[in-house]
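Chain letters run A, B, ... following the sequence lines, proteins first, then strands; residues in each count from 1. In what follows, every heavy atom counts, from backbone to side chain, and hydrogens, waters and symmetry copies are set aside.
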There are 2 protein chains.
Amino acid sequence: MIVRVSREKMAEHRETIISSAAKRFRERGFEGISVADLMKEAELTHGGFYGHFESKEELIALAAERALRDSTAKWEKILDGAKSDPLQALADTYLSQRHCDNPGTGCIFPALGSEISRQPESVRNVVTQGLQRFVGLLGRAIKGKSPAQRRRKAIVAYASMIGGMLLARSTSDPVLCREILRTVSESLSSDGVSSNLTAK
Amino acid sequence: MIVRVSREKMAEHRETIISSAAKRFRERGFEGISVADLMKEAELTHGGFYGHFESKEELIALAAERALRDSTAKWEKILDGAKSDPLQALADTYLSQRHCDNPGTGCIFPALGSEISRQPESVRNVVTQGLQRFVGLLGRAIKGKSPAQRRRKAIVAYASMIGGMLLARSTSDPVLCREILRTVSESLSSDGVSSNLTAK
DNA sequence: ATTATCTATAGATCTATAGATAATGC
DNA sequence: ATTATCTATAGATCTATAGATAATGC
């Protein structure tokens, strides 16, 4: 049965497709879920996809943007809600077992970074903007003499969190996985790396 | 024309296929090159593949192992050949524009990490072993009070290098790309983060 | 009348296998 | 006789499009 819906409902469908893609892509990779299966999740049929988007590539860019915006919102809440050490609060969440086990709702870089580097510029432009927002946010929450130094600290902290999560998810050894998450998290404590690490 | 070759030659073919896969997978992803195209590169035909390997998955594990072993050899040379600061010597090479532009011969984690986390355990076991070797190597080359602390420093340093390369390759902005590579590299200087960063 | 969705399919691509062929290695 | 490689193809899957349908919105 063919059912044409209102414009409002169509806009909802579009949002559903993008949200679903943002989650599934992070879980399975850009090539890990087909247009047909994404449409099935939205309870629509395959062919209808091309009324919403020009191509799968366009959806990839939109889904990446969605994932980045959702993460930005989460970060803002965490950084603003932190009592003493916003970076440590973020690191605790970012490097949690929960985040490790749930790539579909997590940071795009450990989930899709390797594939993003091979995407066309349309996708990498969106990602670049999101990355700049993250660095800006984090830089404002970090201690440091100058804005330039806070920015440098933010870049290094973010890189270590992403690399830590990537390694934790790559290993098949749960002990090593936990060791990596904990070690990187503790290295970001404002007490300084050595004091915090030697304390444990 | 069908040409059966000697056992020695067959072993060479096998090596060629694995080496080619180790490079192409890092360049294009595990799904970015087909069995047929890999065999074409080795100047063999598609069907012959299954005389060498049971499946593409088996080749993925072997190619990952190859990539990890090649990187281990490179790291050993760099760490052993360094005059004063082995970690900085490694970071200079790892976070170079050259490495950024050539994923096919570089570290497997920024090139394939997101996909590795979705691979079956056969692949992730191989990767885990390679990762443990890297951490061991790096820990021996790093300054620190105890072996445990050297290991922690090694994990954090490696995570930041991987995350830095992943971000550098994800951005479409060459200025941001260079900023990330330089900033993470300088953070690994043994002078300490702040002194080195404020000096520039 | 317009258009959001559906049905059906074209065309490309991919992994894996079956059976044939011809050179190796006993 | 054994076997490394080749030819040919089965079977699955994927993106994208063409044309039909029926509800919206003027």
Are the charged groups of [X] and [Y] less than 4.0 angstrom apart, N to O?
X	Y	value
A:R24	A:E27	yes
B:E179	A:R151	yes
B:E12	B:K9	yes

message: Suppose we screen for side-chain hydrogen bond (donor to acceptor under 3.5 Å, both in side chains). Which residues come up paired with A:D101, at least two apart in sequence or across chains?
response: A:Q97
field: Partner residues of B:S122 under the side-chain hydrogen bond (donor to acceptor under 3.5 Å, both in side chains) criterion, sequence neighbours left out
entry: B:E57
Scan the side chains in residues 67-83 of chain B for donor-acceptor partners under 3.5 Å anywhere in the protein, sequence neighbours excluded, and list what turns up.
residue	atom	partner	partner atom	Å
B:S71	OG	B:A67	O	3.2
B:T72	OG1	B:L68	O	2.8
B:K74	NZ	B:T105	O	2.9

message: Please report the distance, rounded to the nearest Å, between CZ in B:F49 and P in D:dT3.
response: 21 Å
query: Can you give the dot-bracket line for DNA chain C, using ( ) for pairs inside the strand, [ ] for pairs that cross earlier ones, | for pairs with another strand and . for unpaired bases, where Watson-Crick and G-U count if both distances are under 3.5 Å?
result: ||||||||||||||||||||||||..
Residue pair A:Q88 / A:D92, side-chain donor-acceptor N/O under 3.5 Å: yes
- prompt: OP1, OP2 of C:dT3 versus side-chain N and O of A:R7: anything below 4.0 Å?
  reply: yes
message: Restricting to ring-ring contact (aromatic ring centres under 6.0 Å, His included), what partner residues turn up for A:F49, sequence neighbours left out?
response: A:F53
B/S/- contact track for nucleotides 5-15 of chain D, protein heavy atom under 4.0 Å: BBB------SB
